[in-house]
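Since the structure comes first, as structure tokens, the remarks are kept for the end.
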Amino acid sequence: QVQVVESGGGLVQPGGSLTLSCAVSGTSFDIGNMGWYRQAPGKTRELVGVITRDGRTNYADSVTGRFTISRDNAKNTMYLQMISLKPEDTAVYYCNVNGRTNSAYNYWGQGTQVTVSS
């Protein structure tokens, strides 16, 4: 019954900004690391960045300095703030959720489309 739902995607012009949300519900475990991934048409899914329960983050080189991941543990929600967007950022963005101590707890959302175009 775990639900992972991404939202906030849409169409934005190059250089624009967008913020995505990932809401998690129905968990019977403590949430540990979370992450954002993306997949462009014809390409494999790639890591955008990860965040620990305590808020430590790590990003792919392609987004460092432009994207910021944050989370609100009380709301079981993670965010991805994106600025200075480029056409190559166009992809479906996915949320990944992991158990704090049990690797068997691993869930994905259905994704939200981000399109960066003039």
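Predicted model only: the values in this text are computed from it and were never measured.
Looking only at distances, no side-chain donor or acceptor of Asp72 sits under 3.5 Å from a matching main-chain atom of Met78. Not a single donor-acceptor pair under 3.5 Å links the side chain of Arg38 to the backbone N or O of Val114. Checking side-chain atoms of Thr90 against main-chain N and O of Val116 turns up a donor-acceptor pair under 3.5 Å. Remark: the backbone N or O of Thr115 is not paired with any side-chain donor or acceptor of Ser117 at under 3.5 angstrom. Although no hydrogens or angles enter the test, the distance criterion places no donor-acceptor pair under 3.5 Å between the side chain of Asn102 and the main chain of Gly99.
Under the 4.5 Å side-chain heavy-atom criterion for Ile, Leu, Val, Met, Phe, Trp and Tyr, Val2 and Val97 are members of the same hydrophobic cluster. Under the 4.5 Å side-chain heavy-atom criterion for Ile, Leu, Val, Met, Phe, Trp and Tyr, Tyr105 and Met34 are members of the same hydrophobic cluster. By the criterion of side-chain heavy atoms lying less than 4.5 angstrom apart, applied directly or through intervening Ile, Leu, Val, Met, Phe, Trp or Tyr residues, Val5 is not grouped with Val92; the two fall into different hydrophobic clusters. In this structure, Leu80 is a member of the same hydrophobic cluster as Ile31, with clusters built from ILVMFWY side-chain heavy atoms closer than 4.5 Å. Put simply, Phe29 and Val24 are part of the same group of oily side chains (I, L, V, M, F, W, Y) that touch within less than 4.5 Å, one to the next.
For the residue pair Ser84 and Ser17, the shortest heavy atom distance occurs at N-OG, 4.5 Å. In plain terms, the two heavy atoms of Phe67 and Tyr59 that are nearest each other are O-CE2, 3.5 Å. Summarising the geometry of Ala91 relative to Ala40, their closest heavy-atom pair is CB-N, 3.8 Å, with the distance given to 0.1 Å. Nearest heavy-atom pair across Arg66 and Leu85 is NH1-CA, 3.9 Å. In plain terms, the two heavy atoms of Glu6 and Gly109 that are nearest each other are OE2-CA, 3.2 Å.
One finds the CD atom of Gln1 at 9.5 Å from the OG atom of Ser28 (value rounded to the nearest 0.5 Å). Atom-to-atom distance recorded for Thr57:OG1 and Arg71:CZ is 11.5 Å, nearest 0.5 angstrom. Atoms CD and OG, on Gln110 and Ser7 in that order, are 13.5 Å from each other to the nearest 0.5 Å.
Within 6.0 Å of CD in Gln113 there are more than 12 heavy atoms belonging to other residues, nucleotides or ligands. Within 6.0 Å of CD in Gln13 there are 12 or fewer heavy atoms belonging to other residues, nucleotides or ligands.
At a threshold of 4.5 Å between non-hydrogen side-chain atoms, the residues Val50 and Ile69 do not count as touching.
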Using side-chain hydrogen bond (donor to acceptor under 3.5 Å, both in side chains), reason through Asn33 and Asn98 one step at a time and then give a plain yes or no. CA-CA 6 Å; Asn33 294 343; Asn98 301 278; over 6 Å; no

Would Asn58 and Arg56 count as a side-chain hydrogen bond (donor to acceptor under 3.5 Å, both in side chains) here? Give the steps. CA-CA 7 Å; Asn58 192 56; Arg56 291 170 291 170; over 6 Å; no

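With Met82 as the fixed residue, the side-chain contact (heavy atoms from CB on, under 4.5 Å) test singles out one of Leu20, Val48, Thr19, Val12: Leu20.
Within the structure, every pair that satisfies the disulfide (SG to SG under 2.5 Å) test and touches residues 4-43, not counting sequence neighbours, is listed here: Cys22-Cys95.
Ion pairing between Arg53 and Asp30 fails under the 4.0 Å rule for side-chain N and carboxylate O.
In summary, the aromatic rings of Tyr37 and Tyr94 are positioned with their centroids too far apart to meet the 6.0 Å limit.
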